[in-house]
Amino acid sequence: MKLADNKATLSFSNGSPSVELPVYHGTMGPDVVDIRKLYAQTGMFTYDPGFLSTAATQSAITYIDGDKGELLYRGYPIEQLATQCDYLDVCHLLLKGELPNAKESADFHKLVTNHTMVNEQMQFFMRGFRRDAHPMAILTGLVGGLSAFYHDSTDINNPEHREIAAIRLIAKMPTLVSMAYKYKVGQPYMYPQNNLSYAGNFMRMMFGTPCEDYVVSPVLEKALDRIFILHADHEQNASTSTVRLCASSGTNPFAAIAAGVACLWGPAHGGANEACLNMLEDIQKMGGVAKVGEFMSQVKDKSSGVKLMGFGHRVYKNYDPRAKLMQETCNEVLAELGLENDPLFKLAKALEKIALEDDYFVQRKLYPNVDFYSGIVQRAIGIPVNLFTGIFALARTVGWIAQLNEMIGDPEYKIGRPRQLFTGATARDVKPLAQR
Ligand code: ACO
């Protein structure tokens, strides 16, 4: 970051002396006012619940221009990455800063592929869960549990440990997600098959059985790979910030990523794709497209508490570029599977059309986000609804690790420790029980 020529001056109406605050430029996006010395200079904190105006870090990984609807990983537009690269090349880009050349790509694919198996003990760990456990509950446990299996990669301050932990996590997430699925349906776990692509291997571990060969459909494999690319990173979102905060204490990378999985689970974040599909199914049960108007009235009535899931975003105040790519993939997948007349897809289109024209949504700049279509694609592929967020976690793992590594390597990094505006009781004495 570069010091700007201008400074910010903060003045107070009570006559306290004003303070000058440095301003920094990034390479793109809004400048930041550096308030690090504010407390020392004034005895005051800033107040910004939800981080609406606070940059918690500098970062060179992902850039979003929410007004333009632009998303860049390391400077490359998501549209180009999604159409010209595979997920593991994008992982290389996020982790190492550059797209791999042909040899680096082959080496990286081989490296990840060589780590796809999980310790055999993992399946005994699985058995402790109820069969109907939510996959995200299982994944939170399994990912954190990895730290108990790989003692040689738990020192977050050791770059070699971080590197091997990164490869292990990226390689093993598909295996863990598919194990969570197989456990629920009562089928045997499928070992990874290393001659398949990252997405193809995952599909086989999900849908294959030892009884017969599973043939991966190239269209569905490509669709899943695209889902992984579109979800790979998204700068300082809630789960990434959680990973950074968790890792800032010096905990091991597996524990920090488990914290990210837990955060992602929420319906306002990664859980939105599951919530969106559930919403579409509910409207379908109410009567489908004919009931869209009624549903929209509920959404616009604040007292109903109903939201149009898959719409709106803290950063995008324009069409989410990932949603456009996902819509394209959705069309391809439904055509491949002969599901063009899928009622949920038609319903989604009807909702989207109304929302894009409706004043409520237009005024608030609410557009479809990536989750609006990713649920339909995943459902068509055969992925159960409650596994959607697990797929998101699988894909986002690389982003979490890249951000964690960036933070540990940043000389300005400190343990994350927000402050507060205290509004509770002032100091008081404990009365004996009889007098309370
Ligand atoms: N349906 C109806 N109204 C909405 C929606 C929605 N999906 N999203 C926002 N609004 C309304 C809010 O009620 C608010 O209205 P008001 O100004 O009259 O009070 C206004 O739009 C602004 O919304 P905020 O909640 O202030 O926006 P914020 O940035 O805090 O929230 C969020 C963003 C959480 C994503 C929100 O849009 C939402 O809950 N969307 C549905 C869930 C969803 O799809 N999440 C996925 C996010 S993308 C991802 O994680 C991959």
Side-chain angles (χ1 to χ4, degrees), residues 48-54 62 64 66-67 69-71 73 78 82 136 226-243 260-280 282-283 292-327 329 348 351-378 385 388-400 403:
D48 187 16
F51 296 97
L52 295 178
S53 295
T54 298
T62 292
I64 304 171
D67 293 324
E70 180 179 63
L71 169 62
Y73 293 164
I78 191 67
M136 288 301 278
R226 179 172 283 190
I227 290 179
F228 295 163
I229 292 174
L230 299 185
H231 289 86
D233 194 47
H234 214 227
E235 52 116 313
Q236 311 310 320
N237 55 82
S239 58
T240 301
S241 301
T242 300
V243 169
V261 175
C263 177
L264 190 75
W265 192 358
H269 191 12
N273 49 18
E274 178 175 346
C276 179
L277 221 278
N278 288 336
M279 172 193 79
L280 291 175
D282 286 348
I283 305 173
V292 164
E294 195 180 308
F295 177 76
M296 284 304 205
S297 305
Q298 282 180 27
V299 168
K300 290 191 278 181
D301 172 8
K302 293 278 166 166
S303 64
S304 75
V306 177
K307 274 192 167 177
L308 180 56
M309 301 312 287
F311 258 72
H313 197 276
R314 169 61 59 82
V315 182
Y316 292 118
K317 301 301 170 197
N318 199 329
Y319 216 99
D320 178 344
R322 303 168 302 171
K324 277 190 194 145
L325 291 155
M326 212 60 248
Q327 190 183 21
T329 299
L351 278 171
E352 185 189 25
K353 186 167 183 302
I354 292 180
L356 289 176
E357 288 164 0
D358 191 299
D359 261 3
Y360 174 96
F361 293 90
V362 174
Q363 276 168 13
R364 290 173 179 76
K365 298 190 176 164
L366 299 170
Y367 291 88
N369 59 51
V370 65
D371 291 323
F372 195 66
Y373 284 108
S374 72
I376 298 172
V377 175
Q378 292 186 58
V385 174
F388 290 178
T389 317
I391 307 275
F392 190 165
L394 178 174
R396 181 57 57 85
T397 294
V398 67
W400 289 330
Q403 299 269 353

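Numbering of ligands and ligand atoms starts at 1, following listing order.
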Which class fits the ring pair Phe311 and Phe361: parallel under 30°, tilted 30 to 60°, perpendicular over 60°?
perpendicular

For Tyr373, give me all partners under ring pair (Phe, Tyr, Trp, His ring centres under 6.0 Å), at least two apart in sequence or on another chain.
none

For the residue pair Thr54 and Asp48, confirm or rule out a side-chain donor-acceptor distance under 3.5 Å.
yes

List the residues meeting ring pair (Phe, Tyr, Trp, His ring centres under 6.0 Å) with Tyr367, not counting sequence neighbours, and say none if there are none.
none

Charged N-O contact under 4.0 Å between Lys365 and Asp67
no

Listed by chain and number, what are the side chain to side chain contact (heavy atoms under 4.5 Å, CB included) partners of Asp282, not counting sequence neighbours?
Lys285

Which protein residues have a heavy atom under 4.0 Å from ligand 1?
Ala268, His269, Ala272, Val299, Lys302, Lys307, Leu308, Met309, Gly310, Phe311, Gly312, His313, Arg314, Tyr360, Arg364, Leu366, Asn369, Val370, Asp371, Phe392

